[in-house]
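Ligands are counted one by one from 1 in listed order, and the atoms in each one are counted from 1 as well. From a predicted model like this one, the values you see are computed outputs, not experimental measurements. As a basis for the values below, the full set of heavy atoms in this structure was taken, side chains included, without hydrogen atoms, waters or symmetry mates.
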Amino acid sequence: MKNYEFWFCTGSQDLYGDECLAHVAAHSKEIVEKLNESGKLPFKLVWKPTLITNELIRKTFNEANNDENCAGVITWMHTFSPAKSWILGLQEYRKPLCHFHTQYNEEIPYETIDMDFMNENQTAHGGREYGHIVTRMGIERKVIAGHWKDEAVVEKLASWMYMAVGVIESSHVRVARFADNMRNVAVTEGDKVEAQIKFGWEIDAWPVNVLVEYVDSIPDSETEALTEEYYRTYKIVEEGRDPKEFREHVKVQAQIELGIEKFCKENNYQAVVTHFGDLGGLKQLPGLAIQRLMEKGYGFGAEGDWKTAALVRVMKLMTEGKKDAKGTTFFEDYTYNFVKGKEGILQAHMLEICPSIADGEIAIREKPLSMGDREDPARLVFTAKEGYGIACSLVDLGDRFRLIINEVNVKHTEKEMPELPVATAFWTPEPDLAVGAEAWIYAGGAHHTAFSYDITAEEMCDWAANMGIEAVVINKDTNIRTLRNEMKWNEMYYRFCR
Ligand code: MN
């Protein structure tokens, strides 16, 4: 990922003289300095000279477009800035936009306030003038209101920055498909051309045997070294299997991990899809190999699910460098617990769950897959951390994409599951299992999801808005009747208003 920065642009006008403009510049410089020093923002703010003319505004926005390190512009109207001045610049601007509705002073200086002070510190009305034109032009932006020293406000800025990086990075995601979608499956399908138009994703098919050539080209010394690393890092659970044969099977995954990584690096891919039914010359379904690659930041989708693969990649980038991050992974809804008071969904996949979400020990086990025709694959087995997260599903409704976001509460299962040789999570969707599942199904959500503890539903909604697609949130406020109406109205909007 690039060393991203965000530009801080302050709006004003020359009506109140040079002294006022000097104060405006000094205030915005101080805000940028203090916010950078606070350590609360994940990316650097870059101060830009006060914007007071149409020409400068247009020039600055175009420079922001062309600056590879600039991931977005934060605008602040210190004084009144007539908004027609912003039209051309905004029209040409293409990156995430934030309207920071703050002001230099926190409190009204009751004793000393006079008209000069009011003219100089008029965010309350300058911000409304500017906000009006952005709304009238239909430009997507984040409005954050509050004092710039308030920690909650700074947190909102930080959260928006992570989201903005997801927007910028989305158009650099390239997915290698080592198989088409699983036969007859509808929900993992989609319009790849539209995905490139909306998200910037490049989604390419490759014969799986090209990958096999990469895997076979890995020298045994490298495969041996990685196998050793596996044996040092994870708990080996042989369960009565022959230790030598067990290690040979693990080694197959090590070679696949190195082969896929080499392929991705040489051909510039950041996400992959596989299919248990289309493995060519691969000896095993990539399991442990995919789990390790996801941990390194690659996106993944099973059974040809390129939408989820790209989404996992984007969500991993949106959490990169987050302090105390708890993990992001591909998941699949499997089995319910309908016992009253203990309701939840067991999440897993055949093999491919990212160990970034693991709570405690990670084991390597080998078991037959009940599908496909290859040798028993090695996989990392663990349970997920407790805590809140979001499960996201991107579906193609034929005339548009819809992103469904469900807030979920991950818990430890009541009892261990010793016979289940896969990584799992158990979660209760908000607002509860029944409404959560009903809402998800009404929304057309898939069984595959991209899950993260480290991204909020608000961030994903803002990301979807920046991509120009529909987002549906299922959370503690969800009411089925209201949600179904919302989706009907959305249908009108996306069919007839865009
Ligand atoms: Mn699946």
**Report entry** the Mn ion (ligand 1) - closest N/O/S atom in His448
**Finding:** NE2

Query raised in the report: Is the Mn ion (ligand 1) less than 2.8 Å from at least one N/O/S atom of His447?
Result: no

Query raised in the report: Which N, O or S atom name in Glu303 marks its closest approach to the Mn ion (ligand 1)?
Result: OE1

Report task. Would you please indicate yes or no on a ring centroid separation below 6.0 angstrom for Tyr388 and Tyr453? Result -> no

**Report entry** Atom name in Glu332, limited to N/O/S, at shortest distance from the Mn ion (ligand 1)
**Finding:** OE1

Report task. Over 60° means perpendicular and under 30° means parallel, so classify the ring planes of Tyr234 and Tyr230, tilted if in between. Result -> tilted

Requested in this report: Just give me the atom name: the N, O or S atom of His349 closest to the Mn ion (ligand 1).
Outcome: NE2

Report task. Could you tell me whether Arg247 and Glu224 make a salt bridge, using a distance below 4.0 angstrom between a side-chain N and a carboxylate O? Result -> yes

Query raised in the report: With the threshold set at 4.0 Å, does a side-chain nitrogen-carboxylate oxygen contact exist between Glu229 and Arg292?
Result: yes

Report task. Using the ring of Phe6 (Phe, Tyr or Trp, six-membered ring only), decide whether Lys44 places NZ or CZ under 6.0 Å from its centre and within 45 degrees of its axis. Result -> no

